[in-house]
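Working notes for the structure below.
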Amino acid sequence: MLFPLPSHDTLYDALVARDARYDGSVFVCVGTTGIFCRLTCPARKPLSTNCVFRSSVRECLEAGFRACKRCHPLRSATANDPAVARLLALLEAEPGRRWKESDVTALGYDLSTVRRSFKRYFDMTFLDMARQYRLREGFLSLAEGERVIKAQLDSGFDSPSAFREAFSRLLGAAPASLKPGGLLQASWVPTPLGDMIAVASATHLHLLEFIDRKALPGELKALQKNLKAPLGLGTPAPTELVREELAAYFAGRSAAFQTPLAPQGTGFTREVHRLLRDIPVGETRSYADIARQLGQPGAVRAVARANGANQIALLIPCHRVIGADGSLTGYGGGLWRKQRLIEIERSHRPCLQPTNAGSW
């Protein structure tokens with residue numbers, strides 16, 4: 001059952017104390033390890049800045065995190081359901097297996113019962129869970145230079161069409177087109193708030209988005225069309241730099257981003273994005289504030305559109321723009337991320353204020 005989460009500080013205190021009151025209803029995702037745990041996990045506690053708390057297993061998995069092998073957050077939620085516990089054990093034993101409905105029925109289970117149980121415990125079906133694991137493994141295999149067929153097999157997709165479809169939903173491109181190298185190179189970037197996709201050329205960062213952003217496939221297609229360059233795989237210098245800077249940002253060491261960014265959109269959109277980067281860390285502005293800074297107080301809706309068109313999250317801090325009444329407004333990465341980013345930035349020391357030193 002999903003419920004409104006307590007504050008980050010409250011949940012972090014519960015994590016440190018291994019408070020069993022939240023066991024099974026709140027999970028902690030740790031950006032430095034890429035895993036998610038129960039709050040009672042016996043492992044060494046991570047720094048608060050590396051944690052994000054979620055109320056369902058589905059949110060953890062869709063953000064790219066893997067289940068902890070010490071506290072077994074999947075198993076803990078199903079201690080009284082032998083069927084679900086057995087299926088999870090089989091999934092852990094064969095994470096690359098391409099599960100089908102017939103496999104479930106062959107084990108003697110009723111499909112509708114299993115579906116309801118997994119939805120109740122994890123907010124996703126067993127087959128969806130297995131598919132989520134396989135997709136990440138397939139991307140990482142391709143990024144390491146493996147051939148498509150090997151990446152497909154390594155990630156458990158025994159159907160080439162299913163592998164292509166899964167990749168197309170995430171990246172808007174078939175896996176065969178994602179080869180190492182090229183002008184635009186995509187890379188998987190883990191963060192405490194979930195995995196991101198970075199796309200960079202040899203000199204500039206063109207895109208940085210959370211993998212569960214619904215607009216991501218469309219953004220990638222438009223980027224390739226505008227630059228007349230297919231998407232490849234790799235980690236050019238701007239991606240290496242942004243990984244280092246994001247690590248420092250989430251660790252509270254620095255909020256200064258020097259990664260060079262590629263210009264985006266029209267002249268108006270670029271000017272809005274420039275003003276976004278001028279908002280000091282720990283502060284927010286309204287759309288109306290930005291419009292007045294532009295000298296166009298009537299352009300509030302145009303500012304909102306330009307803000308929403310941003311495809312370089314965090315470095316162009318569109319999360320710092322809120323409603324005129326102080327309420328959180330739409331954010332492609334999810335309002336829970338927007339709230340968490342604002343909280344993280346308010347905890348930064350004053351000496352970490354500058355963020356807009358990076359060149360365009």
Side-chain angles (χ1 to χ4, degrees), residues 183-184 196-210 213-216 218-229 238-239 241-242 245-246 249 254-335 337-339 341-342 344-346 348 352-360:
L183 174 62
L184 295 175
M196 305 182 80
I197 293 292
V199 178
S201 62
T203 56
H204 291 79
L205 182 70
H206 293 258
L207 180 143
L208 182 68
E209 293 280 30
F210 290 100
R213 176 171 164 82
K214 293 181 179 180
L216 177 59
E219 290 178 342
L220 290 170
K221 286 182 179 179
L223 180 61
Q224 295 173 80
K225 180 179 179 181
N226 292 339
L227 295 184
K228 298 180 174 59
T239 302
L241 179 56
V242 80
E245 292 181 336
L246 287 174
Y249 170 85
S254 173
F257 292 106
Q258 304 291 339
T259 302
L261 310 182
Q264 297 181 304
T266 65
F268 179 86
T269 297
R270 295 180 190 181
E271 183 63 13
V272 170
H273 290 178
R274 183 188 67 79
L275 292 176
L276 295 182
R277 301 185 81 203
D278 286 340
I279 302 174
V281 178
E283 297 185 17
T284 58
R285 299 288 186 271
S286 69
Y287 298 113
D289 291 334
I290 302 297
R292 284 192 291 270
Q293 283 186 272
L294 287 168
Q296 302 181 49
V300 175
R301 290 186 178 180
V303 168
R305 287 194 295 271
N307 195 70
N310 175 34
Q311 59 188 30
I312 302 180
L314 279 69
L315 278 69
I316 299 178
C318 55
H319 59 274
R320 294 179 193 159
V321 183
I322 61 176
D325 60 356
S327 63
L328 296 182
T329 52
Y331 183 62
L335 290 182
R337 280 197 181 102
K338 184 169 187 171
Q339 179 65 51
L341 287 169
I342 291 173
I344 289 172
E345 293 183 350
R346 285 175 176 167
H348 277 225
L352 302 177
Q353 290 295 318
T355 65
N356 60 349
S359 60
W360 286 80

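One is the number of the first residue; the rest follow in order along the sequence.
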Ile342 and Arg320: side chain to side chain contact (heavy atoms under 4.5 Å, CB included), yes or no, with the steps?
-> CA-CA 7 Å; Ile342 291 173; Arg320 294 179 193 159; 5.7 Å; no
Measure across Ala313 and Met196 and return the closest heavy-atom pair with its distance rounded to 0.1 Å.
-> CB-CE, 4.0 Å
Taking every non-hydrogen atom, the tightest pair across Ala229 and Leu183 | CB-CD2, 3.5 Å
Does the pair Gln293 and Ile290 meet the rule for a side chain to side chain contact (heavy atoms under 4.5 Å, CB included), with working shown?
-> CA-CA 5 Å; Gln293 283 186 272; Ile290 302 297; 3.7 Å; yes
Which word best sums up how the rings of Tyr249 and Phe257 line up, parallel for under 30°, tilted for 30 to 60°, or perpendicular for over 60°?
-> tilted
Please determine which of Gln296, Arg305, His273 meets the side-chain contact (heavy atoms from CB on, under 4.5 Å) test together with Phe268.
-> Gln296
Pairwise side-chain contact, Leu241 with Leu205, heavy-atom cut-off 4.5 Å (strictly under) | no
Report yes or no: does Gln224 contribute a side-chain atom to a donor-acceptor pair with the main-chain N or O of Leu220 at less than 3.5 Å?
-> yes
Minimal non-hydrogen separation, Thr239 against Ala198, with atom names | CG2-CB, 4.1 Å
Side chain to side chain contact (heavy atoms under 4.5 Å, CB included) evaluation trace for Val321 with Thr329 | CA-CA 8 Å; Val321 183; Thr329 52; 5.6 Å; no
When Glu219 is tested against each of Arg213, Gln311, His206 for side-chain hydrogen bond (donor to acceptor under 3.5 Å, both in side chains), which residue passes?
-> Arg213
Asp289 side chain to Ser286 backbone, donor-acceptor under 3.5 Å | yes
CD of Gln339 to CD1 of Ile344, rounded to nearest 0.5 Å, is 10.5 Å
Of all the heavy-atom pairs spanning Ile312 and Asn310, show the shortest one and how long it is.
-> N-OD1, 2.9 Å
What's the verdict on side chain to side chain contact (heavy atoms under 4.5 Å, CB included) for Leu246 and Leu208, showing C-alpha distance, side-chain angles and the deciding distance?
-> CA-CA 11 Å; Leu246 287 174; Leu208 182 68; 4.1 Å; yes
Closest heavy-atom contact between Ala200 and Pro238?
-> CB-CB, 4.0 Å
Rounding to 0.5 Å, atoms OG1 (Thr266) and CD (Gln264) come to a distance of 11.0 Å
Roughly how far, to the nearest 0.5 Å, is the CD atom of Glu209 from the CG atom of Leu314?
-> 10.0 Å
Exercise: identify the closest heavy-atom pair between Leu261 and His204 = O-CD2, 3.4 Å
Any side-chain heavy atom of Leu275 sitting closer than 4.5 Å to one from Arg285?
-> no
Is there side-chain contact between Thr284 and Arg346, with at least one heavy-atom pair below 4.5 Å?
-> yes
d(Ile316 CD1, Ile279 CD1) to nearest 0.5 Å is 11.5 Å
Beyond-backbone contact of Glu245 with Gln258, side-chain heavy atoms, under 4.5 angstrom | yes
Hey, could you give me the OG1/CD distance between Thr269 and Glu271, rounded to the nearest 0.5 Å?
-> 10.5 Å
